Chemist: 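Pasting a structure below so you can have a look.
If you're wondering where the values come from, they're calculated on a predicted model, not measured in any experiment.
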Amino acid sequence: MLLEIITFILSLIVVFSLYVRNKYNYWKSRGIVSVPGKFPFGSLKPCLLLQQNVSDTLAEMYRKYEGKKYVGFYGPLDAFLLIRDPEMIRIILSKEFTSFHDQAFTSSRSVDPLLAYNPFGCRGYDVWKNARGVLSPALTISKLKLMVNDFVNAAENLNKYIGTKIGEPLEMKAVTSKYLADAVVSAAYGVESDSFFSSSPPFHTKGDLFVDNNEANYAAMSALFMPIVGKLFRWRTLSKSLESKFIDLSNTGSEHRKKNKISRPDVLQHLINLNDKAIQENRKPFSELLMAVYTVAIYGDGVDTTGLMGEGVFYFLAKESEVQEKLRQEILNVVQDLKDLDLDKLNSIEYLDMIISEALRLHSPIGILGRTCTKTVKIDDLMIYEGTKVFIPIYAIHMDEKYYPEPEKFIPERFSKENRNDIHKFTFLPFGEGPRMCMGFRMAQIEMKVALVAILLKYRMRLAKSAPNHLEKDTSSIFLTTAKGNIDVIFTPL
């Protein structure tokens, strides 16, 4: 009996070894240039060991294979593709979207439901289309115009707080997070929040959205490159407490509005109306979990992702005094009193758009995009088979001097009206592109613009001595791009 068990185990080892060897020869067998892989990490050892942001790992591959349109690489047990060519990226994200409609991010509905049902993470064309269809009407231009007043109120409170800290270094990651939380929960859910002066604000804590860094990192890496491991260990990216918080938000908010006959043109009201309509038509309304999914989707776009955008914007503006002064003058040409600000005026400040775009190029919240091939398709000379995951190295493309000369420098003029036409659309991808582009990108930009206008109408800012000389990635975050160290800024009144 013992001999049979040993023989069985040895047979399993031999079969597994042959499988791995065959898998790591996949691209070679197809005549495709690839990054060598070695078990158990494949080509991804630095990021799988949580030593390097995944965007840096893929950027090293990107730079090593200059001139190639695509390159194969390996995870622990699978073969993947790195797409380097903007035209191929266009085809994958847009023209052949029906063949790549699923994210590469594979989340379990039982383990990580807030992400698996989310428009960002859900899989299946009909599931994604339905989820996006639920939220799209809540983020139209007309709805965003109505949100501006809530953003202005939050920005006034931000300015009030800055006024109590004149001459002191302010850590802008935390400050921005508080402003964004107040702005979003007010504009989207009708909840009054004061994260700056209240001792117990409902949503201000940075990190509310995610579980602890290590588990979130393991969950993200497994969802991208080894889903079976994530299911085995039941790692999740979005915390269980967040699920409960947003279920409570939707339940209490809905009950309060119905009881007091209150209606607001916001996201929560939109979901309430959809539920009421479903009941009237004898259809199943959203479950508590789905209400939490949709409300947290807006929060994630408007707070956590926008906060990462803010790291770059505030860092570069505080560092580049001439850029800051030029922007202030353009703002003053449009508006002198924050209360007079509206979306049309905001959108007329061209230099503000240029600055945000350049900050996003240098510091995108997410440095890679991934898609799963859902239907075998041929692009140029490459046959991509169903089930293959393809990755687009956003950070590497943004830092490629072929597309952006002197890529390390902060040059907002790259995105002027005159120069923008020279930029290939699919070499600037901070929010993705195509039908699955980030839904909340307009809201995120408006929030950031309102904060910048508010601050620059009252204050000058400069980096504190404690701020980093260069913006580097914090390796404690493997998937999202967050700055290493504190973004300490000192404000002085005009």
Side-chain angles (χ1 to χ4, degrees), residues 53 55-56 155 158 162 169-177 179-180 305-331 346 349-367 394-401 403-416 419-420 423 427-431 441 444-474 477 480-492:
N53 188 283
S55 65
D56 287 323
L158 164 64
I162 291 173
L170 280 179
E171 205 293 291
M172 293 308 294
K173 294 180 187 178
V175 171
T176 305
S177 178
Y179 156 72
L180 292 171
T305 306
T306 310
L308 298 175
M309 178 208 304
E311 292 178 1
V313 172
F314 280 110
Y315 178 83
F316 291 114
L317 265 183
K319 188 176 183 179
E320 304 287 344
S321 59
E322 291 184 7
V323 172
Q324 185 184 146
E325 290 303 321
K326 181 178 178 180
L327 176 57
R328 180 177 291 105
Q329 290 307 310
E330 290 213 8
I331 290 171
L346 202 60
I349 308 172
E350 182 186 349
Y351 199 51
L352 185 53
D353 274 320
M354 293 159 57
I355 287 168
I356 289 177
S357 293
E358 178 66 346
L360 282 168
R361 182 188 69 80
L362 287 163
H363 191 73
S364 293
I366 296 177
I394 297 173
Y395 171 70
I397 293 169
H398 285 185
M399 299 302 290
D400 191 334
E401 62 182 8
Y403 308 121
Y404 300 99
E406 300 182 285
E408 301 286 344
K409 291 186 177 180
F410 180 73
I411 307 174
E413 286 71 22
R414 299 181 203 272
F415 292 92
S416 66
N419 294 332
R420 188 178 284 268
I423 297 174
T427 62
F428 183 63
L429 300 164
F431 301 107
F441 80 97
Q445 290 181 313
I446 293 169
E447 287 179 278
M448 189 53 54
K449 287 179 179 181
V450 170
L452 291 172
V453 169
I455 289 171
L456 292 179
L457 283 174
K458 292 195 70 172
Y459 303 105
R460 286 189 175 86
M461 52 183 171
R462 59 181 173 83
L463 290 179
K465 291 181 179 179
S466 53
N469 292 325
H470 302 284
L471 209 56
E472 298 179 8
K473 297 185 187 72
D474 189 340
S477 176
L480 298 174
T481 304
T482 185
K484 183 178 180 179
N486 292 340
I487 309 297
D488 291 333
V489 173
I490 293 175
F491 292 88
T492 54

Chemist: Less than 4.5 Å apart, side chain to side chain, heavy atoms only: is that true for Leu362 and Leu471?
Modeler: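 Heavy-atom side-chain distance check fails, nothing below 4.5 Å.
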
Chemist: Measure the spacing between NZ of Lys473 and OH of Tyr395 and express it to the nearest 0.5 Å.
Modeler: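 Going from NZ on Lys473 over to OH on Tyr395, the span is 3.5 Å.
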
Chemist: Among all residues two or more places apart in sequence or in another chain, which pass the side chain to side chain contact (heavy atoms under 4.5 Å, CB included) test with Ala451?
Modeler: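 Partners of Ala451 by the side chain to side chain contact (heavy atoms under 4.5 Å, CB included) criterion, ordered by chain and then number, come out as Leu158, Tyr179.
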
Chemist: Check whether Tyr404 forms a cation-pi arrangement with Arg361 (NZ or CZ under 6.0 Å from the six-membered ring centre, at most 45° off the ring normal).
Modeler: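 Because its charged atom sits under 6.0 Å from the ring centre and within 45° of the axis, Arg361 does stack over Tyr404.
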
Chemist: Are the side chains of Ile397 and Phe428 in touch, meaning some heavy atoms are under 4.5 Å apart?
Modeler: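 Ile397 vs Phe428: side chains apart.
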
Chemist: Would you please name every residue forming a side chain to side chain donor-acceptor pair (under 3.5 Å) with Arg328, sequence neighbours left out?
Modeler: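 So Arg328 forms a side chain to side chain donor-acceptor pair (under 3.5 Å) with Gln324, Glu325.
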
Chemist: For the CZ atom of Phe316 and the CG atom of Leu463, what is their distance to the nearest 0.5 Å?
Modeler: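 Output value for this atom pair is 10.0 Å.
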
Chemist: Can you tell me how far the CD1 atom of Ile355 sits from the CG atom of Leu360, to the nearest 0.5 Å?
Modeler: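 Rounded to the nearest 0.5 Å, the CD1-CG separation comes to 12.0 Å.
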
Chemist: With side chains defined as the heavy atoms from C-beta onward, is the minimum distance between Gln445 and Phe431 less than 4.5 Å?
Modeler: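 Yes - at least one pair of side-chain heavy atoms lies under 4.5 Å apart.
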
Chemist: Could you tell me if the side chain of Leu352 sits less than 4.5 Å from the side chain of Glu330, heavy atoms only?
Modeler: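 No, side chains not in contact.
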
Chemist: Hydrogens and angles aside, do Ser416 and Asn419 bring a side-chain donor and acceptor to less than 3.5 Å of each other?
Modeler: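 The criterion, which ignores hydrogens and geometry beyond distance, is satisfied for Asn419 and Ser416.
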
Chemist: List the residues meeting side chain to side chain donor-acceptor pair (under 3.5 Å) with Glu413, not counting sequence neighbours, and say none if there are none.
Modeler: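 Checked Glu413 against side chain to side chain donor-acceptor pair (under 3.5 Å); matches are Tyr351.
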
Chemist: For Ser364, what residues pass the side chain to side chain donor-acceptor pair (under 3.5 Å) criterion, not counting sequence neighbours?
Modeler: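 With neighbours one apart ignored, the set is His398.
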
Chemist: I want to check something: taking the side chain as every heavy atom from C-beta on, are Leu170 and Ile490 in contact at a cut-off of under 4.5 Å?
Modeler: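 When only atoms from C-beta onward are counted, Ile490 and Leu170 do not touch, as no gap falls below 4.5 Å.
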
Chemist: Nearest 0.5 Å please: distance from the CG atom of Leu456 over to the CD1 atom of Ile331.
Modeler: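 Answer rounded to 0.5 Å: 4.5 Å.
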
Chemist: Once rounded to the nearest 0.5 Å, what's the spacing between atom CD of Glu311 and atom CG of Asp474?
Modeler: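 Atom-to-atom, Glu311:CD and Asp474:CG are 9.0 Å apart.
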
Chemist: Using a 4.5 Å cut-off on heavy atoms from C-beta on, say whether the side chain of His363 contacts that of Val313.
Modeler: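 Result no, sub-4.5 Å side-chain heavy-atom pair not found.
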
Chemist: Among Ile455, Val450, Leu457, exactly one meets side-chain contact (heavy atoms from CB on, under 4.5 Å) together with Val453. Which residue is that?
Modeler: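 Testing Val453 for a side-chain contact (heavy atoms from CB on, under 4.5 Å) against Ile455, Val450, Leu457 leaves exactly one candidate, Leu457.
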
Chemist: Under the salt bridge (charged side-chain N to carboxylate O under 4.0 Å, His left out) test, which residues partner Lys409, sequence neighbours left out?
Modeler: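 Lys409 satisfies salt bridge (charged side-chain N to carboxylate O under 4.0 Å, His left out) with Glu406 only.
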
Chemist: Check whether any side-chain heavy atom of Tyr403 lies under 4.5 Å from a side-chain heavy atom of Arg414, and answer yes or no.
Modeler: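 Result no, sub-4.5 Å side-chain heavy-atom pair not found.
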
Chemist: Under a 4.0 Å N-O cut-off, is there an ion pair linking Lys465 with Asp488?
Modeler: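 Asp488 and Lys465: not salt-bridged.
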
Chemist: Rounded to the nearest 0.5 Å, how far apart are CZ of Phe415 and CD1 of Ile423?
Modeler: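 Answer for the CZ-CD1 pair, Phe415 versus Ile423, is 4.0 Å.
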
Chemist: So do Phe491 and Lys458 actually touch side chain to side chain, heavy atoms under 4.5 Å?
Modeler: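 Lys458 vs Phe491: side chains apart.
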
Chemist: May I ask you to decide if Asn469's main-chain N or O and Lys319's side chain share a donor-acceptor pair within less than 3.5 Å?
Modeler: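 A pair under 3.5 Å: yes.
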
Chemist: Quick one: does any side-chain atom of Arg420 pair with a main-chain N or O of Met354 as donor and acceptor, under 3.5 Å?
Modeler: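 Here the side-chain-to-backbone pair does not exist.
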
Chemist: Under the rule for side chain to side chain donor-acceptor pair (under 3.5 Å), what residues qualify as partners of Arg462, not counting sequence neighbours?
Modeler: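 Here no residue qualifies.
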
